[in-house]
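Below: the structure, in structure tokens.
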Amino acid sequence: MSEEDAALRRERRRAGQRAQHRRRRLLAGGLAVAALALVAAAALAYRHFHNPSPPPPEPELRTITLTIPEGYNRAQTAGLAREAGLRGSYMKASRNHEGFLFPDTFELLKGAPASDLVRLQLEDFKRRVAGVDMRYARSKNLTTRDVVTIASMIEDEVAAASQRKLVAAVVYNRLHAGIPLGIDATVRFATGNYDRPLTESELAVDSPYNTRVNAGLPPGPIDSPGLASIEAAAHPAQVGYLYYVTEPGTCGKLSFSNTAAEFEADVARYDEARAAAGGNSPDTCEEEG
């Protein structure tokens, strides 16, 4: 064999070896790709069978907003609770809490029990009253309950916010003098007559809430007063007024007086205006147009 033939054979052998290496590399690469595909498929299968789709999110809890106006009593608030769809008896849940059920805006779950509203009102009352300075009232031997009782009458009697402290002063002065308060709002609470003129028999009703015939404060609050009325009841104006009556044509403002003679003159003016109005209340807003 010539030297050229031997070199050619060696070259052919090396070429075969190189081709064989390429085939091995391609086979190894194909096996690796196949192995990766199997691993991915296995992972997908595991997630499918062992990690099911998450449950749908729970629907948001539905709430209602309920506003209790200042001066509402338990019976009036019970009506609002029923209209709002609260469950159970508000009157039962709020028994013995008249005056301490703070009037405010509350958020409750739709269909919540009425007792939830009572709880929120009582908690709100504690927070609000904690900031009221009761030192002056205590110096007059009045308790927090007494202050709230006075505030509940102020809430019903006063239409002009600026006169709250003046009405509080009348109450303090009459208590000091031992004169019956003569506040018709307490008679209305006793009789349940909130809409019609009080009759002579109602004004003479035998009830501890009748402040026309009984001296001193009634047994307790007659409604839920707001914070402004509670503040006024704790800090009355330093004036000597003993009487007040509605001033005709002033959107509910009151006319105050120190003596019975002044009061009688104010009442006569009110009665004259009432007669001119055909027996209806002369409490109009003529001054404000």
Side-chain angles (χ1 to χ4, degrees), residues 66-81 90-91 93-106 117-138 140-175 181-194 207-211 214 216-237 241 244 246 251-254 256:
L66 182 57
T67 297
I68 311 301
E70 295 175 350
Y72 262 40
N73 58 37
R74 289 171 55 238
Q76 291 171 306
T77 302
L80 295 181
Y90 179 88
M91 291 297 287
S94 64
R95 185 175 296 145
N96 299 324
H97 293 308
E98 187 75 78
F100 301 91
L101 302 157
F102 200 79
D104 209 336
T105 297
F106 302 96
L117 174 58
V118 172
R119 174 179 54 79
L120 291 174
Q121 287 184 281
L122 293 175
E123 291 174 354
D124 201 7
F125 175 86
K126 289 180 181 179
R127 284 195 300 271
R128 302 299 188 110
V129 173
V132 177
D133 185 352
M134 296 286 183
R135 286 177 294 181
Y136 181 80
R138 293 194 187 106
K140 303 300 180 182
N141 298 316
L142 297 175
T143 65
T144 297
R145 181 179 180 84
D146 294 334
V147 170
V148 176
T149 298
I150 295 170
S152 72
M153 294 185 285
I154 293 171
E155 198 68 69
D156 196 274
E157 293 283 288
V158 175
S162 61
Q163 295 188 319
R164 286 191 175 100
K165 288 179 178 286
L166 296 176
V167 171
V170 171
V171 173
Y172 273 70
N173 293 339
R174 292 176 80 91
L175 288 174
L181 299 180
I183 293 179
D184 288 348
T186 64
V187 178
R188 291 190 178 280
F189 180 80
T191 61
N193 177 5
Y194 292 99
S207 167
Y209 283 92
N210 188 344
T211 57
N214 300 307
L217 292 173
I222 59 174
D223 57 44
S224 293
L227 188 59
S229 290
I230 296 174
E231 291 276 8
H235 302 280
Y241 295 144
Y244 62 82
T246 301
C251 297
K253 286 187 177 180
L254 304 171
F256 294 85

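Everything numeric here is computed off the predicted structure, so don't read it as measured data.
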(message) Distance check, rounded to the nearest 0.5 Å: L66 atom CG versus Q121 atom CD?
(response) 8.0 Å
(message) For the backbone of I183 and the side chain of T211, can you confirm whether one donor and one acceptor N or O come within less than 3.5 Å of each other?
(response) yes
(message) Could you work out, with side-chain contact (heavy atoms from CB on, under 4.5 Å) as the rule, every residue matching P219, not counting sequence neighbours?
(response) P208, Y209
(message) Nearest 0.5 Å, please: how far is OG in S229 from NZ in K165?
(response) 10.5 Å
(request) Find out whether P103 and P69 are in side-chain contact, i.e. whether some heavy atom of one side chain is under 4.5 Å from a heavy atom of the other. (result) no
(request) First locate atom CE of M91, then atom CZ of R74, and finally report the distance between them rounded to the nearest 0.5 Å. (result) 4.0 Å
(request) List the atom of V118, the atom of A93, and the distance in Å for their closest heavy-atom pair. (result) CG1-O, 3.6 Å
Could you pull out every donor-acceptor pair under 3.5 Å between side chains of residues 156-163 and any protein atom, sequence neighbours left out?
| from | atom 1 | to | atom 2 | distance (Å) |
| --- | --- | --- | --- | --- |
| E157 | OE1 | Y244 | OH | 2.7 |
| Q163 | OE1 | L254 | N | 2.8 |
| Q163 | NE2 | L254 | O | 3.0 |

(request) May I ask you to decide if N73's main-chain N or O and Q76's side chain share a donor-acceptor pair within less than 3.5 Å? (result) yes
(message) For the OG1 atom of T77 and the OH atom of Y90, what is their distance to the nearest 0.5 Å?
(response) 4.5 Å
(request) To the nearest 0.5 Å, tell me how far I150 CD1 sits from L217 CG. (result) 5.0 Å
(request) Answer yes or no: is there a donor N or O on one side and an acceptor on the other, between the side chain of Y172 and the main chain of A233, under 3.5 Å? (result) yes
(message) For the backbone of S224 and the side chain of E155, can you confirm whether one donor and one acceptor N or O come within less than 3.5 Å of each other?
(response) no
(request) Indicate the atoms forming the closest heavy-atom contact of N193 with R188, along with that distance. (result) O-NH1, 2.8 Å
(request) Heavy atoms only: give me the nearest A232-A168 pair and the separation to one decimal. (result) O-CB, 3.4 Å
(request) Give the minimum heavy-atom separation between N214 and S207, together with the two atoms involved. (result) ND2-O, 2.8 Å
(request) Report, as yes or no, whether the 6.0 Å neighbourhood of atom CG on D133 holds more than 12 heavy atoms from other residues, nucleotides or ligands. (result) yes
(request) Applying side-chain contact (heavy atoms from CB on, under 4.5 Å), name anything that partners R145, two or more places apart in sequence or on another chain. (result) F100, T143, T149, P221
(request) To the nearest 0.5 Å, tell me how far L117 CG sits from L80 CG. (result) 9.0 Å
(request) Using a 4.5 Å cut-off on heavy atoms from C-beta on, say whether the side chain of Y241 contacts that of V167. (result) no
(message) So which atom in F125 and which in I230 form the shortest heavy-atom distance, rounded to 0.1 Å?
(response) CE1-CD1, 4.3 Å
(message) Show me the pairs that pass salt bridge (Lys or Arg N to Asp or Glu O under 4.0 Å) and involve residues 221-236, at least two apart or across chains.
(response) none
(request) Can you sort out the partners of D146 under salt bridge (charged side-chain N to carboxylate O under 4.0 Å, His left out), two or more places apart, ordered by chain and number? (result) none
(request) Please report the C-alpha distance between L101 and L122 in whole Å, then the side-chain angles of each, then the deciding distance to 0.1 Å, and finally whether the side-chain contact (heavy atoms from CB on, under 4.5 Å) criterion is met. (result) CA-CA 5 Å; L101 302 157; L122 293 175; 3.9 Å; yes
(request) List in chain and number order the residues that pass side-chain contact (heavy atoms from CB on, under 4.5 Å) with R128, two or more places apart in sequence or in another chain; answer none if no residue qualifies. (result) F102, D104, D124, L227
